[in-house]
Student: 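There's a structure below that I have some questions on.
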2 protein chains.
Amino acid sequence: MLSQPVNRPLPMRHFAEELPAAQPDGEPSTPVRAMTAAGEANRERILDAALARFARTGLSGTRIEAIAQDAGLSKTNLLYYFRSKNALYLAVLTRTLDMWLEPLRAIDADRDPREALGHYITAKLEAARDHPEASRLFALEVMQGAPMLSAVLATDLKELVDRKVALLQLWQAEGRLKPHKPHHLLFQIWATTQHYADFATQVEQLTGASLADPVFFQQTREAIVASILGAVLP
Amino acid sequence: MLSQPVNRPLPMRHFAEELPAAQPDGEPSTPVRAMTAAGEANRERILDAALARFARTGLSGTRIEAIAQDAGLSKTNLLYYFRSKNALYLAVLTRTLDMWLEPLRAIDADRDPREALGHYITAKLEAARDHPEASRLFALEVMQGAPMLSAVLATDLKELVDRKVALLQLWQAEGRLKPHKPHHLLFQIWATTQHYADFATQVEQLTGASLADPVFFQQTREAIVASILGAVLP
DNA sequence: ACCACAATTGATCGAATGGTCAAGTCTGTG
DNA sequence: CACAGACTTGACCATTCGATCAATTGTGGT
């Protein structure tokens with residue numbers, strides 16, 4: 001059993017770790033002193049190493065010491081920056097969430113549907129190419145029922161998706177998209193683009209190519225755009 | 001270091017556990033006596049429980065004791081049927097592999113492409129509905145680089161896919177399919193259908209429905225068929 | 001009824017691993 | 001220069017968990 005720790009000033013190294021609704025009121029537990037440049041850099045290196053490891057072997061399959069080694073630190077020192085393995089995992093997850101959501105946010109109501117959706121697909125495929133670990137990490141997490149992210153997903157993601165679904169329905173009402181349950185459109189885009197990141201090893205094994213190859217990338221992009229846009233544009 | 005155990009007769013309970021190329025020649029280590037009916041049933045219950053657990057929490061995230069409890073056995077007793085956690089995992093994996101490959105095998109050269117591919121999509125979606133854990137287990141395994149399955153996938157799956165790709169190319173040459181890199185067609189089908197199993201919690205959270213709902217199932221099926229077949233049929 | 005082997009159990013081992021502690025060293029600021 | 005607090009380390013603790021072992025019970029076949 002943990003004794004509920006009271007509002008003591010939080011050392012800088014743990015400043016960003018607090019859960020969203022951790023402090024009902026009062027001082028936001030201002031850090032005592034700023035982090036050193038070296039400390040800042042260490043934090044980043046740890047997060048990078050952790051992303052790579054977690055994305056490959058999952059939370060329970062990753063040893064905290066392996067991350068520390070990758071980052072060039074001792075296990076104890078890593079634990080100085082992140083109070084626990086779970087805290088580190090959560091930090092990686094939230095840090096990556098924005099990257100995942102951003103392309104969806106960028107779908108613009110003012111643009112032409114064809115162009116907007118084409119851009120979205122391209123952006124998602126670029127994300128799959130440039131940050132496959134991020135994609136894999138989310139996939140792992142969501143597939144396991146999003147035990148750490150369920151709250152965020154149920155609110156932030158849900159709200160964002162609802163907004164974009166409304167936009168798609170508007171476009172449908174205007175006759176600029178075929179009638180179609182909009183969710184399926186989103187799911188198809190997510191599924192196909194992320195597939196090339198999440199199952200990269202399989203894709204490479206079967207085709208001998210990867211998204212890193214520009215030719216293959218273009219080919220993939222066109223295949224996805226053709227099938228998805230072909231089905232929803234009037 | 002394990003001392004290489006020599007061809008002693010393998011007890012029935014471990015009969016199926018041997019790796020494919022384990023016995024270059026000689027007696028196939030005939031089991032001493034048949035398993036009891038109870039034993040057979042236990043093995044099945046263990047495999048079922050293990051599939052459910054592994055699909056949710058992965059290999060390292062699953063405690064062998066949890067599986068035993070789900071199956072109504074003691075941990076020690078489970079270890080009587082499977083010599084190790086890895087052996088159990090591998091048994092679950094191989095047992096499920098056929099289920100995954102079967103729909104692909106069923107793509108028939110004699111049928112019309114539209115019909116054959118429509119059937120394939122439907123079969124994959126039914127598999128996603130009826131055996132989501134199997135789909136999730138494979139996804140987890142492949143996403144992590146298929147450490148246990150790489151050999152099988154590199155041979156069995158590769159060969160099967162190559163055969164079907166050749167068929168698709170034939171259809172293209174006959175003008176019955178649009179020219180198109182066939183792999184992308186397969187990937188799109190896999191990605192979209194499996195998405196509804198692998199990310200079921202997300203799908204449910206965002207739409208409130210699941211494949212178990214017949215209306216939603218039909219809707220999904222039509223959306224996928226429309227976009228994929230629409231793009232590849234001439 | 002007997003026997004060989006299947007099935008089951010509880011005790012226990014040992015390695016792996018997350019996390020703590022006390023004792024430092026380094027460094028920016030007053 | 002002094003000091004507070006950031007940063008680092010190695011020793012150590014506690015627990016979890018896969019696996020083994022010895023011993024006992026159940027059971028199908030002769």
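Chain A is the first sequence line, chain B the second, and so forth, proteins listed ahead of strands; every chain is numbered from 1. A quick note: this is a predicted structure, and the numbers were derived from the prediction, not measured.
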Student: Does N42(B) make a side-chain N or O approach to OP1 or OP2 of dT8(C) shorter than 4.0 Å?
Tutor: yes
Student: Under 4.0 Å between a side-chain nitrogen and a carboxylate oxygen: does that hold for R136(B) and E141(B)?
Tutor: no
Student: Is the base of dG19(C) touched by the side chain of K75(A) through a donor-acceptor pair closer than 3.5 angstrom?
Tutor: yes
Student: Angle between ring planes, W100(A) versus F138(A), binned at 30° and 60°: parallel, tilted or perpendicular?
Tutor: tilted
Student: Take the protein atom CG of L73(B) and the nucleotide atom P of dT9(C), then report the distance between them rounded to whole Å.
Tutor: 7 Å
Student: Between dC17(D) atom C1' and L59(B) atom CG, what is the distance in whole Å?
Tutor: 13 Å
Student: Please report, rounded to the nearest Å, how far the C1' atom of dC13(C) is from the CG atom of L79(B).
Tutor: 14 Å
Student: Round to the nearest Å and state the distance from E40(B) atom CD to dC5(C) atom P.
Tutor: 19 Å
Student: Please determine whether any donor N or O and acceptor N or O are separated by less than 3.5 Å between the side chain of T76(A) and the base of dG10(D).
Tutor: yes
Student: Between K85(A) and A38(B), which residue's closest nucleotide on DNA chain C lies nearer the 5′ terminus?
Tutor: A38(B)
Student: I need the CG-P distance between L88(B) and dC17(D), as an integer number of Å.
Tutor: 16 Å
Student: How many whole angstroms separate atom OH of Y80(B) from atom P of dG18(D)?
Tutor: 21 Å
Student: With a 4.0 Å limit, can you tell me whether S74(A) has a side-chain N or O closer than that to the phosphate oxygens OP1/OP2 of dT9(D)?
Tutor: yes
Student: Mind checking whether L104(B) and W190(B) have side chains closer than 4.5 Å, heavy atoms only?
Tutor: yes
Student: Check whether any side-chain heavy atom of I67(B) lies under 4.5 Å from a side-chain heavy atom of F54(B), and answer yes or no.
Tutor: yes
Student: When you measure from the side chain of R63(B), which nucleotide among dT17(C), dC17(D), dA19(D) comes out closest?
Tutor: dC17(D)
Student: Find the distance N77(A):CG to dG19(C):C1' and express it as a whole number of Å.
Tutor: 14 Å
Student: Which part of the nucleic acid, if any, lies within reach of T62(A) when heavy atoms closer than 4.0 Å are counted: base, sugar-phosphate only, or nothing?
Tutor: sugar-phosphate
Student: Do the ring planes of H184(A) and F187(A) sit parallel (below 30°), tilted (30 to 60°) or perpendicular (above 60°)?
Tutor: perpendicular
Student: Rounding to a whole Å, what distance do you find between Y81(B):OH and dG18(D):C1'?
Tutor: 19 Å
